[in-house]
Structure formats: structure tokens, C-alpha cells
Amino acid sequence: MKLSLGCIADDYTGASDLANTLTRQGLRTVQTIGVPSDDLALPEVDAVVVSLKSRSIEADVAVDRSRAAEKWLRGRGAGHVLFKICSTFDSTDAGNIGPVMDALRADSGDAIVLVTPAFPETGRTVYQGNLFVGSVPLNESPLKDHPLNPMHDSNLVRVLARQSQTKVGLVNLATLSRGADAVRERLADLAAKGIGAAIIDAVFDRDLETIGDVALDHRLSVGASGIGLGLARALVASGKVKSASAGAASGAPVGGPAACLAGSCSQATLAQIANAEKTMAVLHLDPEQIIAGPGEVRRALAWAADRITDGPILIASSSTPDQVAALQSRHGRDAAGHAIEQAMADIAEGLVRSGVRRLVVAGGETSGAVVDRLGIPGFLVGEEIAAGVPVLRAVGADKGEMLLALKSGNFGGAEFFSDALKLMR
Ligand SMILES: Nc1ncnc2c1ncn2[C@@H]1O[C@H](COP(=O)(O)OP(=O)(O)O)[C@@H](O)[C@H]1O
Ligand SMILES: O=C(O)[C@@H](O)C(=O)COP(=O)(O)O
């Protein structure tokens, strides 16, 4: 297997979002959980997305894991590596986007790296270096209340500069609109001044095509699914990837009981949970009880056992920003987050033990905890449920056939949970 594109994603929902984008653009793609072991049988593919759970861990651990993934991808022939970050640039001033980018750039030998979280299909656009979520700047969007990485600055040149050892420049839309060579010229000017990273504006998919074209001159880029789209289109247009008609993975129906777990506290997920109450049984966990001990997990599994044969169920820990803030002030942000993630993993494990083989998980960190606990080594990409969220078919799992959907907290329409289950047969 010689890869045309190697990708390292800093969380599992982000990885499935990117794998979905690459698949839709005609790249045969597989998502692996961590660096695959040598005995994992992978199909012949153009791109591998290695999923890490590295967005909210210590920066030096994120760097080590990302470098190990890069080494594996380069060893499989990947000439270009995309470090996939969140389209809302989720991170803190301590990292991890800057430190990982710096390390991967040093390994790649590139003088400068292009960075953009733009993903226009989901309303993420970048103008004059400022990230917009829909019609509002990042710092006015619901991301200002994220439980782990609250975002208070929409100017990504500033945000990245605070995290990185290199100086950060800007390639603005005016330059981009003059085409690939104008971008190349601007990058050469910035690199000559010792600037090692450039935030690049992008508003429309056509901007991402230009960016993808230029990015392929380099060995590394950093961004969300939008730059993945640009890279994929550039690879197909250049003839480096021949499989422009690659389709979604299909397979035998899995059937059996289905369950949804929500650990995201995003505005979108809170609304989706409220809507799900109309079509399925919903249990709201008590976060305080989760932290108090294992009783809340036992209560959830007993509740599920009484209902799971009657139809799909949803179990949610999600709370409003005020409630999240109150819990964190009592227990600490990381301790609260970790305890709830592990409880969700315990519940997922119990549900699978009782026969559930179709599982929807809302939340990136939550998905990471669940997938790790289930020991799933990788996924093939199936149908698209919503922008950025595909049906995933587990490969190499000892539980046999399983379908999952890993939803970024912010993604999906109002009826996401029932939309997902309709496609997960
Ligand atoms: N009620 C709650 N109070 C505080 N934190 C919570 C609550 N429910 C979930 N969390 C934590 O919030 C974080 C949500 O992050 P994540 O799962 O990545 O969602 P998203 O995709 O929206 O970013 C996780 O660490 C989760 O354990
Ligand atoms: O790019 C995106 O927005 C997503 O792919 C993503 O990274 C998801 O992160 P979470 O919102 O934490 O699930």
C-alpha cells in the first residue's frame, strides 16, 4: 500500500469527519484508531486517517503521539500529511495545535505550513484571519462555552502565535483570489522573513481547491475537513489518485438493538436531545452522581435493559453552560470531564455486552473514550448522515459487525439521532 495522503486527526469525531470528506471526494479512505498494529488487515486505500485523542491532553504527549502517527504514515509512502484539527480551532493557549504543528513541520523540513480550519459546508469560514462560525465570530459562537476548550479569540493569527514557537503570518482572501501562484509568492515572502506558519483565509470551496493545489507543494498542512477537500480534489485533478469514483463502504445489515450516547454539551447537541425525546426513550444522567461513584452507571444500564428491546434509546450527560460551569467549579474542569467520559465508556461497554451493535455517540472526547473502551481498531466509511458525520463500519473489532456514528458536538440537524439510526440498519 502506498498512500497518496496521510492524515493525523486530534480526535475521533474529527477523524470520521475528514474520512467522510475524503471518501466523498473519491479517495479510498480508512480511519484507524491510533497507529495501526502490523496485524490489522487494511484494504487497499489512498488515504489513512489516524485518529488520536490528543486535543485536550498534555502538549508533549500530543506531540509524541502525532509524531509516531506521522512516522507510520510516511513509512507507508505518504508524501503529504494533513494534521486535522477542529473547524472551530478547539485548543488552549498551552496547545495543542501549535506544538504539534511545530514538531511535524520540523520533521517534514517545510519552511512554512498552511493552516486553515475553514469548512464552508458547515459554516466555518476564515476572513482576514478571523474564524466565523455561521454568521458570528468564533468568540461570539457557542464555542465560547465549550467545557474543555472555550474559545475567546476569533483571530487565528493571534491564537496560533500564542501556542507556537514560530511566527505566524496571514495569506488573505485578496491574495488567494489571485490564484495559486499569488499564494505561492506570498508564502515565499513570509518564509523569507522567518515566518513558519500562515493562516490562510477561505470562504468558498473554490478557495479550498486553490489551497489544496498549493498545499501539495509542501509535505505538511494543518486544517479541518475543508483543506482535506482541497487536497483530495488536487490529488484527483493531478492524476495522483485514480479512484475518483470511490464510493461508501456497504455491507450486510447489522440489525439488533440500537443506542445513542451524548456527552457533548454543545448547543446543537442539546437541541438534538430535546428533539429525540419525541421519538425514543431518553435518560438524563445526573453528572453529580456520576462523579460520586459507579451507581449512576448501574442505574443507566438497568434503565436501558428495561427498554432496549422496544426501540432505540438515548442516554445523555449533557447540560447547559451554567450547569457545566457549576459542576466544574465544584470538581475541576478536567476531573469532571474525565469522570463523565469514563462513565459513558462504562455505559457503552455494558450496552454492547447486552447485544447493542449500532451505537451513535455525540461528542469528540466522549467518542474517544467510548471507542477506546470498545477496542475498535478502525472504521470503513459508509453513508453520510449529515455534513461531517458518516456511518462507520468497524473493522477488526472482536465484537463482530458493528455500526457507529461519531458526531462532533456541533454537527448535524435537529433530528440527528433519528436521522443516524435510519441509515444504520
Ligand atoms: N453535564 C456535564 N458537565 C460538565 N462536563 C460534561 C457534562 N457532560 C459532559 N461533559 C464533558 O464535556 C466534554 C464534552 O466534550 P466532547 O465530548 O468533545 O463534546 P464536543 O464534541 O461538543 O466538543 C467531555 O469531556 C464530557 O465528559
Ligand atoms: O472539524 C470539526 O469541526 C470536527 O471534525 C471536529 O473536529 C469535531 O470536534 P468535536 O466538536 O469535539 O467533536
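Counting convention: from 1, in listed order, for ligands and their atoms alike. Below, each value reflects all heavy atoms present in this structure, side chains not excepted, and no hydrogens, waters or symmetry copies. In what follows, residues are counted from 1 in the order of the sequence shown.
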Margin query: Counting only heavy atoms closer than 4.0 Å, does ligand 2 sit against the backbone of Asp10, its side chain, both, or neither?
Written below: neither
Check: Can you find an N/O atom of Thr88 closer than 3.5 Å to an N/O atom of ligand 2?
Finding: no
Item checked: Pairing of Lys71 and Asp107 as salt bridge, 4.0 angstrom limit -> no
Check: Looking only at N/O atoms, are Gly337 and ligand 1 under 3.5 Å apart anywhere?
Finding: yes
Item checked: Closest protein heavy atom (residue, atom, distance) for atom 14 (C) of ligand 1 -> Gly263 O, 3.5 Å
Check: When you look for heavy atoms under 4.0 Å from ligand 1, do you find them on the side chain of Ala336, its backbone, both, or neither?
Finding: neither
Checklist line | Closest protein heavy atom (residue, atom, distance) for atom 19 (O) of ligand 1 | finding: Gly363 CA, 3.4 Å
Check: If you measure from each non-hydrogen atom of Leu148 to ligand 1, which part falls under 4.0 Å: side chain, backbone, both or neither?
Finding: side chain
Check: Of the protein's non-hydrogen atoms, which lies at the shortest distance from atom 3 (N) of ligand 1, and what is that distance?
Finding: Leu327 CD2, 3.5 Å
Note to self: Students should be able to answer this: which protein heavy-atom is nearest to atom 8 (N) of ligand 1, and at what distance?
What the structure shows: Ser317 OG, 2.9 Å
Check: Out of Lys84, Arg55, Lys407, whose heavy atom is nearest to atom 9 (O) of ligand 2?
Finding: Arg55
Next item on the list: Ignoring hydrogens and angles, tell me if any N or O in the side chain of Asn275 forms a donor-acceptor pair with the backbone of Ala414 under 3.5 Å.
Entry: yes
Margin query: Under 3.5 Å between any N/O of Gly364 and any N/O of ligand 2: does that happen in this structure?
Written below: yes
Notebook entry, point to check: Are Gln289 and Arg299 close enough, and set up right, to give a side-chain hydrogen bond (donor to acceptor under 3.5 Å, both in side chains), and what steps lead you there?
Noted result: CA-CA 10 Å; Gln289 287 305 313; Arg299 179 176 83 93; over 6 Å; no
Notebook entry, point to check: Any nitrogen or oxygen of Asp90, main chain or side chain, under 3.5 Å from a nitrogen or oxygen of ligand 2?
Noted result: no
Check: Can you tell me if NE2 on His338 sees more than 12 non-hydrogen neighbours from other groups inside 6.0 Å?
Finding: no
Checklist line | Donor on one side chain, acceptor on other, Thr269 and Ser264, under 3.5 Å | finding: yes
Next item on the list: Can you pull out the closest protein heavy atom to atom 18 (O) of ligand 1? Residue, atom name and distance to 0.1 Å, please.
Entry: Glu365 N, 2.7 Å
Item checked: Distance from atom 24 (C) of ligand 1 to nearest protein heavy atom, with residue and atom -> Glu341 OE2, 3.6 Å
Notebook entry, point to check: Does Thr366 approach ligand 1 within less than 4.0 angstrom via side chain, backbone, both or neither, non-hydrogen atoms only?
Noted result: both
Note to self: Using a 3.5 Å cut-off on N or O atoms only, is Arg124 in polar contact with ligand 2?
What the structure shows: no
Notebook entry, point to check: Is ligand 1 under 4.0 Å from a heavy atom in the side chain of His146, in the backbone, in both, or in neither?
Noted result: side chain
Checklist line | Protein contact to atom 22 (O) of ligand 1 [nearest heavy atom, distance to 0.1 Å] | finding: Ser264 OG, 2.7 Å
Margin query: Please determine whether any non-hydrogen atom of His146 lies less than 4.0 Å from an atom of ligand 2.
Written below: no
Notebook entry, point to check: Salt bridge or not for Asp110 and Arg219, using N-O below 4.0 Å?
Noted result: no
Margin query: Yes or no: does Gly409 have any heavy atom under 4.0 Å from an atom of ligand 2?
Written below: yes
Check: Would Glu365 count as a contact of ligand 2 if the rule is a heavy atom under 4.0 Å away?
Finding: no
Next item on the list: Identify, for atom 2 (C) of ligand 1, the protein heavy atom at the shortest distance, and state residue, atom and that distance.
Entry: Ile340 CD1, 3.7 Å
Notebook entry, point to check: Going by the atom numbers of ligand 1, which of them fall below 4.0 Å from some non-hydrogen atom of Ser319?
Noted result: 1 (N), 2 (C)
Checklist line | Interfacing atoms of ligand 1 (cut-off 4.0 Å, heavy-atom, Pro147) | finding: 12 (O)
Item checked: Under 4.0 Å to a heavy atom of Pro287 - the qualifying atoms of ligand 1, by number -> 1 (N)
Check: Between Lys53 and Tyr12, is NZ or CZ placed under 6.0 angstrom from the six-membered ring centre and within 45° of the ring axis?
Finding: no
Margin query: Heavy-atom pairs closer than 4.0 Å: do any link ligand 2 to the side chain of Phe119, the backbone, both, or neither?
Written below: neither
